[in-house]
Amino acid sequence: MEKIEGSSSIENPRPWQSYHTVYTNAKAGMDGVDKEKVQRVVYEMSKGSKYFENEERKEVFIRQKIEHMHVRCAKLTSADLSHYQKVADKRVSELEVRRDLSRIWLHVDMDAFYAAVETLSDPSLKGKPMAVGGMSMISTANYEARKFGVRAAMPGFIACKLCPELIFVPTDFKKYNYYSDLTRKVLCDYDPNFMAASLDEAYLDITEVCRERGITSAEIAEELRSRVYEETGLTCSAGVAANRLLAKVCSDINKPNGQFVLPNERMAVITFVSSLPIRKIGGIGKVTEHILRDVFGINTCEELLQKGSFLCALFSHSTAEFFLSVGLGLGGTETPQVRFRKSISSERTFSATENKALLYQKLAEIAEMLSADMQKEGLHGRTLTLKLKTASFEIRTRAVTLQKYICSSEDILKHASLLLKAELPVSLRLIGLRVSQFNEDKAGAPSDPTQRTLTSFIMSGDASRKNAADRSSLGSDIRDHHFMDDQETSCSLGIHETIPDEVSDPFENNCVPNVDDKNHTFGDNVGEVEKIPQPSSSETAGKVHLVETDSSFLLQHAGNNHDRVEEEANIPNNEGVSSSNQTDQFFCWVDNYKCSLCGTELPPTFVEERQEHSDFHLAERLQEEESGSNSRFHTPRQRPVYKDRTASASHKKRKKLKSSRKEGTHIPIDTFFVKSNQNL
DNA sequence: GGGATAACTCTAG
DNA sequence: TTCCACTAGAGTTATCCC
């Protein structure tokens, strides 16, 4: 999507070629697929939709980030580069010292798991293109369907276009859990401490079983796959290597029903990763690949090492280290002990609506579902996060940390309603709720978050160091079999302001619809994780940060509901509403395209973004004026309550300025390099 | 300066 | 005809407060 906006089919006869979807990376069973055709169909089916427009917006921001990185690269002097080359060399040396070739890891991955299970249940599906899922989204597709370009995470209606004969089968997680359990019983014989990554994937340390039985890892893999087939009738693929990251890459090489063994020798590893595309690495997704390729010209893992100086110069320590370790073919080799879940959530998509009663009804339903899940697990948490997806696919999250641990649907709904209320009016297509910061009492009785526990007291001493160490030894997506003990989560004795639980509750005065109506259109609430209550050592009382950080908020709400803003935020009447007029006095769009103040390019079609952008400059100017008079910023904060997000106009403006991630020239460049799987 | 918190982003299955 | 899910973890930045 390099230049979709404004381009016609005459200017660009193949606009789909630049439409970056997640469907363009290689996937097992899709070698012979006509990729151009798939891209064209996906593009044709998507263009013009709200989803597509949002993808365009996201693409613009990524391009801006890439531009910023180009600029930063260009500013690096030879002295800088020389310095960062030394930094990179030192880190590579340190990483090399830590290379561990003593363990043998096997990654087992069931072939098209859900589809294979459905075919077992209904043999008439054999040989026919089939997908598990529905019109909105496909969970997985069998290999016959993949030949047409149909794949997981693809909307069903697009899949239909690619393969009109496609058979849809609804998901049935009872079945998948049953077959997953059968498989895991086999895995236990090879590594009782195996790490399940999902229902259909697991990592096994087969070092001991190889040694005890005196056979090779290839033989173990053959035997294991054969036993899984005998027990379940399902095929799987396996990868064997010295660490989990490489084992996962290897399991994909001879898929389906195959295996690949990478010898535990340094040279073999180095040779293997040298030509390996970075996208094959778990943790490097569409965006990271895009940036590494466009900014640094990096396509293979070897090039990560070659460009080490640039990576160390432009990325955070942990991110740069991850890239270098990938270049060296390093990954996790230790088996973590226990791991606890850190959050639990529930979200549902529905037809977009701005009907308040309907939105509160959806919220109530989700609160019910979440509460039921929490009670099943005996979980109580005190941070509640509301997730919203607007009709235009914009994602917002709003969170509150409470003084007490909650798990009842009433408590969840009470606080969630307050968060939602602050966002109204808005047209939404998704509402989600997440609870985190669980208590330590596994029996379920909420503990007092203000009281320090012995565990947290002991563990708090080197919290940050231990967290860093954990990250380097654990694949974060190993989430459902052995949860890491994260009791060392940092804590402090600092006293913070907290939300009184008896806070004035507008929800109680709201007309919240009767939640008895269970005939909602929500899909199955599926959880595939073995959940273990997580202790929390965070002992400080929470505080509220309900101040909007999205620059669009002030504008949106000032424009849509300025009465409320005026009343709640005490903002002068014309501050938000007429911002564009004020801005026009010192700001314009050069060539109707470029910001006269900062040079950010935004096409005329990006109406909302341009509005946000101009208001950003207005806010910036106002802030300058305020800081000149030096007044309100030094006023002590009031005790925070829910209305705090609009309690102080100056406060709000300041926060808005600093965290406006949508504002082109002020976007932190390297904020989004997440390596959730970096240690596999 | 550092811990806690909030918001956002990326990734994976 | 239908028109892009759900769950979870982790990293980064900004802000507040001590």
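Scope of the values below: all heavy atoms of this structure, side chains included, with no hydrogens, waters or symmetry mates. Here is the naming used below: chain letters follow the sequence lines, and residue numbers restart at 1 for every chain.
- In this structure, A:Ile431 places its CD1 atom 14 Å from P of C:dT7, rounding to the nearest Å.
- Nucleotides of DNA chain C nearest to A:Arg434 and A:His317 differ in position, and the one nearer the 5' end is that of A:Arg434.
- Closest approach to the A:Arg348 side chain among C:dT7, B:dA7, C:dA8 is made by C:dT7 (side chain taken as heavy atoms from C-beta onward).
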>> Show, in sequence, the C-alpha distance, side-chain angles and deciding distance for A:Phe322 and A:Ile281, and conclude whether the side-chain contact (heavy atoms from CB on, under 4.5 Å) test is met.
In response: CA-CA 11 Å; A:Phe322 167 67; A:Ile281 301 297; 4.1 Å; yes
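- With respect to A:Glu201 and A:Lys248, a salt bridge is recorded, a charged nitrogen being found less than 4.0 Å from a carboxylate O.
- Contact between the side-chain N/O atoms of A:Thr349 and the OP1/OP2 oxygens of C:dC6 is found at a separation under 4.0 Å.
- Computed from coordinates, the A:Arg396 CZ to B:dA6 P distance equals 18 Å when rounded to whole Å.
- Per the geometry, CG belonging to A:Leu433 stands 15 Å off C1' belonging to C:dA8, to the nearest Å.
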> Between A:Ile298 and A:Arg293, does a side-chain contact (heavy atoms from CB on, under 4.5 Å) hold up when you go through it step by step?
Replying inline: CA-CA 5 Å; A:Ile298 293 173; A:Arg293 189 189 59 226; over 6 Å; no
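- Taking the ring centre of A:Tyr143 as origin, the terminal cationic atom of A:Arg146 falls inside the region bounded by 6.0 Å and 45° from the ring axis.
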> A:Glu377 and A:Arg341: salt bridge (charged side-chain N to carboxylate O under 4.0 Å, His left out), yes or no, with the steps?
Replying inline: CA-CA 10 Å; A:Glu377 312 297 335; A:Arg341 73 149 62 232; 5.4 Å; no
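- Taking side-chain N and O atoms only, A:Thr397 has a distance below 4.0 Å to OP1 or OP2 of B:dC8.
- Rounding to whole angstrom units, CD of residue A:Glu44 and C1' of C:dC3 are separated by 15 Å.
- Using a 4.5 Å heavy-atom threshold, the side chains of A:Leu433 and A:Thr385 count as separate.
- Distance from the side chain of A:Arg341 is smallest for C:dG9 among the nucleotides C:dT7, B:dG13, C:dG9.
- Rounded to an integer number of Å, the gap from CD of A:Glu59 to C1' of B:dC10 is 14 Å.
- Distances from the side chain of A:Ser345 to the nucleotides B:dC8, B:dT9, C:dT7 place C:dT7 closest.
- Between A:Thr288 and B:dT11 there is a side-chain polar atom (N or O) within less than 4.0 angstrom of OP1 or OP2.
- Across all strands, A:Leu384 comes closer than 4.0 Å to no nucleic acid atom at all (heavy-atom distances).
- Taking every side-chain heavy atom of A:Met135 into account, C:dT2 is the closest of B:dA6, B:dT11, C:dT2.
- Contacts of A:Ser49 with the nucleic acid, taken as non-hydrogen atoms under 4.0 Å apart, are absent.
- Which of C:dC6, B:dT11, B:dA7 sits closest to the side chain of A:Glu347 comes down to C:dC6.
- Using a 4.0 Å heavy-atom cutoff across all strands shown, A:Ile138 reaches no nucleic acid atom at all.
- Picking from C:dT12, B:dA12, C:dA5 the nucleotide with the shortest atom distance to the side chain of A:Met137 gives C:dA5.
- With distances taken from any side-chain atom of A:Phe157 to the nucleotides B:dT5, B:dT11, C:dC4, the minimum falls on C:dC4.
- Using modelled atom types and a 3.5 Å distance limit, the side chains of A:Asp111 and A:Ser237 yield a donor-acceptor pair.
- Regarding A:Lys286, its NZ atom lies at a distance of 13 Å from the P atom of B:dT9, rounded to whole Å.
- A:Lys389 comes within 4.0 angstrom of sugar-phosphate atoms only, judged by non-hydrogen atoms across all strands, and of no base.
- Between A:Ser46 and C:dC3 there is no side-chain N or O to OP1 or OP2 distance below 4.0 Å.
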> Under the salt bridge (charged side-chain N to carboxylate O under 4.0 Å, His left out) criterion, do A:Asp373 and A:Lys376 qualify, and how do the steps go?
Replying inline: CA-CA 5 Å; A:Asp373 287 348; A:Lys376 254 186 254 167; 3.6 Å; yes
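- The residue A:Phe393 sits close only to the backbone: its heavy atoms come under 4.0 Å of sugar-phosphate atoms, none of a base.
- In the set B:dG13, C:dA8, B:dT11, the nucleotide with an atom closest to the side chain of A:Lys248 is B:dG13.
- Side-chain contact check for A:Glu423 versus A:Arg398: some heavy-atom pair is nearer than 4.5 Å.
- Which of C:dG9, B:dG13, B:dC10 sits closest to the side chain of A:Lys342 comes down to C:dG9.
- Fit an axis to the five pairs at each end of the helix from B:dG1-C:dC18 to B:dG13-C:dC6 and the two axes sit 10° apart, to the nearest 10 degrees.
- The nearest heavy atom of DNA chain B to A:Asp200 and to A:Lys58 marks one nucleotide each, and the one closer to the 5' end goes with A:Lys58.
- For A:Thr383, the listed nucleotide lying nearest its side chain is B:dA6; candidates were B:dT5, B:dG13, B:dA6.
- Side-chain N/O atoms of A:Gln437 include none lying less than 4.0 angstrom from OP1 or OP2 on B:dA4.
- C:dA5 and B:dT11 are spaced 15 Å apart, taking the C1' atom of each and rounding to whole Å.
- The phosphate of C:dA5 has neither OP1 nor OP2 within less than 4.0 Å of any side-chain N or O from A:Ser136.
- Here A:Thr397 contributes atom OG1 and A:Lys387 contributes atom NZ; the two are 9.0 Å apart, rounded to the nearest 0.5 Å.
- Residue A:Ser139 places no side-chain N or O under 4.0 Å from the OP1 or OP2 atom of B:dG13.
- Whole-Å rounding puts the A:Glu201 CD to C:dA8 C1' distance at 15 Å.
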